[in-house]
2 protein chains.
Amino acid sequence: MKKQDFIVQKELIQRLVRYKNILLKFKSMGLSKAFSDNLGDAAGVSSSLVRKDFSLAHLAVGNKRGGYPIDVLLQRLDALLGTQILQRIVIVGCGKIGTALMNYKGFANENVEVVAGFDNNPARINPAAAPIPILPVSQLAAFVKEQDIQVAVLAVPENAAAGILDQLAAAGVQGVLNFSPVQLKAGSSLFIQNINIAFEIENLFYYVRFNQRRAAAET
Amino acid sequence: MKKQDFIVQKELIQRLVRYKNILLKFKSMGLSKAFSDNLGDAAGVSSSLVRKDFSLAHLAVGNKRGGYPIDVLLQRLDALLGTQILQRIVIVGCGKIGTALMNYKGFANENVEVVAGFDNNPARINPAAAPIPILPVSQLAAFVKEQDIQVAVLAVPENAAAGILDQLAAAGVQGVLNFSPVQLKAGSSLFIQNINIAFEIENLFYYVRFNQRRAAAET
DNA sequence: TATATACTGTTCATATTGTCACATTAAATA
DNA sequence: TATTTAATGTGACAATATGAACAGTATATA
Ligand SMILES: NC(=O)c1ccc[n+]([C@@H]2O[C@H](COP(=O)([O-])OP(=O)(O)OC[C@H]3O[C@@H](n4cnc5c(N)ncnc54)[C@H](O)[C@@H]3O)[C@@H](O)[C@H]2O)c1
Ligand SMILES: NC(=O)c1ccc[n+]([C@@H]2O[C@H](COP(=O)([O-])OP(=O)(O)OC[C@H]3O[C@@H](n4cnc5c(N)ncnc54)[C@H](O)[C@@H]3O)[C@@H](O)[C@H]2O)c1
C-alpha cells in the first residue's frame, strides 16, 4: 500500500465527513445527483474546494455535466472513511455530558454505537441497563481489550482525565474524544480530539466584541 | 481605532483562550511566572508559537530571563479577550445537551453565566426554576432584546435549528454555538460555531484506521 | 449530426499558518 | 563590575490551505 493512499490533511477529513452527511441528506430527499456548488453551499465552503477535496481524495467521479452521482460518491466516501463498518465506542464518566451522549439517538445515523458506559460512582452503575450497561470503571481495561474497542469518549472531571487516558491507552484504545477542560496530548498511536465548550463560548464573545469594535471604528 | 488592534487569525484566538486558562491554573498552583516552554507544553504547541502569538497579540511582556509575569499577562489577555466582563448567555433547547450545559458548573470559571433556558415543550418550562429559569421559546426574542444577550447556545433538534437561528439573529444575537447537526451559516454580523460530536467521532475512527493501515504498511 | 451549455478536474496564484534561527537583553554569578 | 546564562521577540522562510480561472468534456438541444 502506497503512502499516497492515505490522506493526512486534517481539515480535509473533517470536510469529507461533512460532505458525506450532506450527501446522505440529499439522498434522503430523493436526489440522485449532487453538484459541487450545492455541496459547497451546504458545507459552508467554496465549490472549488469541494472539487479539490474530491480530487485529492481520489473521489473525483463527477460527470462533466451532470455533477456527482450520489450513490457512487457515498460508497467511496464510506470506504475511505471506514464508515460502512459499525463504529463501537465506550463512554467513560456517566455524568451530565456522558449521560446525554449515551441517550443520544443521532449516533445511529453515523453508524456509531455506544456499547457501554463506565463510572466510579456506585450509584450510577447499572450493568443491567438496556440498551447500554453502565459498568464500574475497574472493568474498563478488560472490557476494552475483550471487545476490541478503539475509540472512547472521556467525560470525567478534569482531575480524573489523565489517569483514565493512561488506562485507555494501555488497554489499546487509539482514539479519544475528550470533553474535560484539559488539553490532553496524543501519543504516537493515540489520537485525541479535545472539545472545550467553554472555550468555544469565549471565542464567540471575542468575535462579537471584535465585530462591534470594527463597526464602531467604521462609523 | 486602528485595524491592527484587531486580531483576525482564527487559530490564534483559540490559542489565546487556551493560554489564558492555563495561566489561571498556573496561578492557582502558586506560580507567578510562566515560560513559553511550559505554556507551549500545556497548550500542546511549540514554544516559538507561544512567543509569536504573544508578539502578534501585542502581549509580549516577557522578561528576557524570567519569563512572563502571570498576573500582567492575564490582565492583558482578559482585556483583549473581553473576559473580565461577565459573559451572559442563553440556551435554546433544554433537552439532553441543553440541560447538561445548564447544570454545568465549569462556566463560572470562565466568567460565563447561563441566564435562561428556552424550550417549546410545556413540560420543560419552569420560569421559577433557580438559578436558571426555563422559559417558553415564544419569549426568546423579547428576552434577548431586553437583556441584551449577545451569545446563545443552540441545542434544539436539527429541523428547528434554522428557524431559531433566524429569531436569534433578528433579536440581535451575534454569536451562536450550535450543537445541532446542520452546518449553520454565519451572516455579516453573526458568528456561528458548529460543534458536531458525531463527526468528531467519525474523524477519530478515520485516524485510527489510518494509523493501523500505516503500521501494517510499514511492516 | 453540429452546436451550445454547464459542469468537472486541475493548474496556478494567493493567503494563511507555523517553524527556525538568532540577535537581544534581563538576571544570575563571580 | 564584568561575564555568563537563559530566556524573549521577531524577521525570514517553509509548509499548508484556499480561491480563481479555465481548459476539457459529457450531456442537452436543435
Ligand atoms: N456538563 C457540561 O455541560 C460540560 C461542559 C463542558 C465541559 N464539561 C466537562 O465534561 C466533564 C464531565 O462533565 P459533567 O458535567 O458531565 O460532570 P459530572 O460530574 O456530571 O460527571 C462526571 C462523571 O464522572 C464520574 N467519574 C469521576 N471520576 C471518575 C473516574 N475516575 N472514573 C470514572 N468515572 C469517574 C462521576 O461519577 C460522574 O458521574 C468534565 O470534565 C467537565 O468539565 C462538561
Ligand atoms: N444529546 C447528545 O449527546 C447530542 C450529541 C450531538 C448532537 N446533538 C444535537 O443537539 C441537539 C439537541 O440534542 P438533544 O439530545 O439534547 O435533544 P433533545 O430532544 O433531548 O432536546 C431537544 C430540546 O429542544 C426542544 N425543542 C424542540 N423544538 C424546539 C423549538 N422549536 N424551540 C425550542 N425548543 C425546542 C425540545 O423540547 C427538547 O427539549 C440536536 O440537534 C442533536 O442532534 C446532541
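Quick note on labels: first sequence line is chain A, next is B, and so on, each numbered from 1. Please read these numbers as outputs of a predicted model, since none were measured by experiment.
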- Message: Any side-chain N or O of Tyr68(B) below 4.0 angstrom from OP1/OP2 of dA26(C)?
- Response: no
- Parallel, tilted or perpendicular: rings of Tyr207(B) and Phe210(B) (30°, 60°): perpendicular
- Message: Can you measure Leu59(B) atom CG to dT8(D) atom P for me and round it to whole angstrom units?
- Response: 14 Å
- Task: Just jot down the side chain to side chain contact (heavy atoms under 4.5 Å, CB included) partners of Ala43(B), sequence neighbours excluded, or say none.
- Result: Arg18(B), Tyr19(B), Ile22(B), Val45(B)
- Message: Suppose we screen for salt bridge (charged side-chain N to carboxylate O under 4.0 Å, His left out). Which residues come up paired with Lys20(A), at least two apart in sequence or across chains?
- Response: Glu202(B)
- Item | His58(B) NE2 to dT8(D) C1', straight-line distance once rounded to whole Å | 17 Å
- Rounded interatomic separation in angstrom, taking CG from Asp41(B) and P from dA7(D): 13 Å
- Note on the structure: Of all heavy-atom pairs linking Gly95(A) and Asp119(A), the shortest is N-OD2, 4.1 Å
- Message: Below the 4.0 Å mark, does dT10(D) have OP1 or OP2 next to a side-chain nitrogen or oxygen of Ser55(B)?
- Response: yes
- Those residues at least two apart in sequence (or on a different chain) that pass ring-ring contact (aromatic ring centres under 6.0 Å, His included) with Phe35(B) are none
- Task: From the options dG9(D), dG9(C), dT18(D), select the nucleotide whose nearest atom is closest to the side chain of Ala60(A).
- Result: dG9(C)
Contacts under 3.5 angstrom, residues 155-163 of chain B side chains, donor-acceptor by atom type, not counting sequence neighbours:
from	atom 1	to	atom 2	distance (Å)
Glu158(B)	OE2	Lys25(A)	NZ	2.7

- Query: Of the candidate nucleotides dT19(C), dT8(D), dG19(D), which contains the atom at the shortest distance from the side chain of Leu49(B)?
  - Reply: dT19(C)
- Message: I'd like to check the ring-ring contact (aromatic ring centres under 6.0 Å, His included) partners of Phe143(B); sequence neighbours left out, ordered by chain and number.
- Response: Phe118(B)
Throw together a table of side-chain donor-acceptor distances under 3.5 angstrom for residues 179-186 of chain A, partners on residues two or more places apart or in other chains.
from	atom 1	to	atom 2	distance (Å)
Ser180(A)	OG	Asn178(A)	OD1	3.0
Lys185(A)	NZ	Asp41(B)	O	2.6

- Task: Mind grabbing the angle between the end helix axes of the helix from dT1(C)-dA30(D) to dA30(C)-dT1(D)? Five pairs an end, 10° rounding.
- Result: 10°
- Task: Ignoring backbone atoms, establish whether Ser46(A) has a side-chain N or O less than 4.0 Å from OP1 or OP2 of dT18(D).
- Result: no
- By ring-ring contact (aromatic ring centres under 6.0 Å, His included) - contacts of Phe199(A) (at least two apart): none
- Mind checking Val50(A) for me? I need base, sugar-phosphate or nothing, with any heavy atom below 4.0 Å counting as a touch. nothing
- Message: Going by ring-ring contact (aromatic ring centres under 6.0 Å, His included), name the residues that satisfy it together with Phe107(B), two or more places apart in sequence or in a different chain.
- Response: Tyr104(B)
- Mind calculating the distance between CG (Leu56(A)) and P (dT10(C)) to the nearest angstrom? 10 Å
- Let me have a per-nucleotide readout for nucleotides 21-30 of chain D, 5' to 3', with B, S or -, counting only protein heavy atoms under 4.0 Å. B--BBBBS--
- Item | Spacing of Ile89(A) atom CD1 and Leu204(B) atom CG [to the nearest 0.5 Å] | 9.5 Å
- Between P of dC7(C) and CG of Asp37(A), the distance in whole Å: 8 Å
Please tabulate the protein-to-nucleotide N/O contacts below 3.5 Å involving nucleotides 15-17 of chain D, giving atom names and distances.
from	atom 1	to	atom 2	distance (Å)
dA17(D)	OP2	Gln9(A)	NE2	3.1
dA17(D)	O5'	Gln9(A)	NE2	3.3

- Item | No-H, no-angle donor-acceptor pair, Lys52(B) side chain to dT10(D) base, under 3.5 Å | no
Atom pairs and distances, donor-acceptor, side-chain atoms in residues 66-84 of chain A, under 3.5 Å, two or more places apart:
from	atom 1	to	atom 2	distance (Å)
Asp71(A)	OD1	Lys27(A)	NZ	3.1
Asp78(A)	OD1	Thr83(A)	OG1	2.6

- Message: So Phe54(A), base contact, sugar-phosphate only, or nothing? Heavy-atom distance under 4.0 Å.
- Response: nothing
- Query: Whole Å only: how far is the CG atom of Asp53(A) from the P atom of dT18(D)?
  - Reply: 8 Å
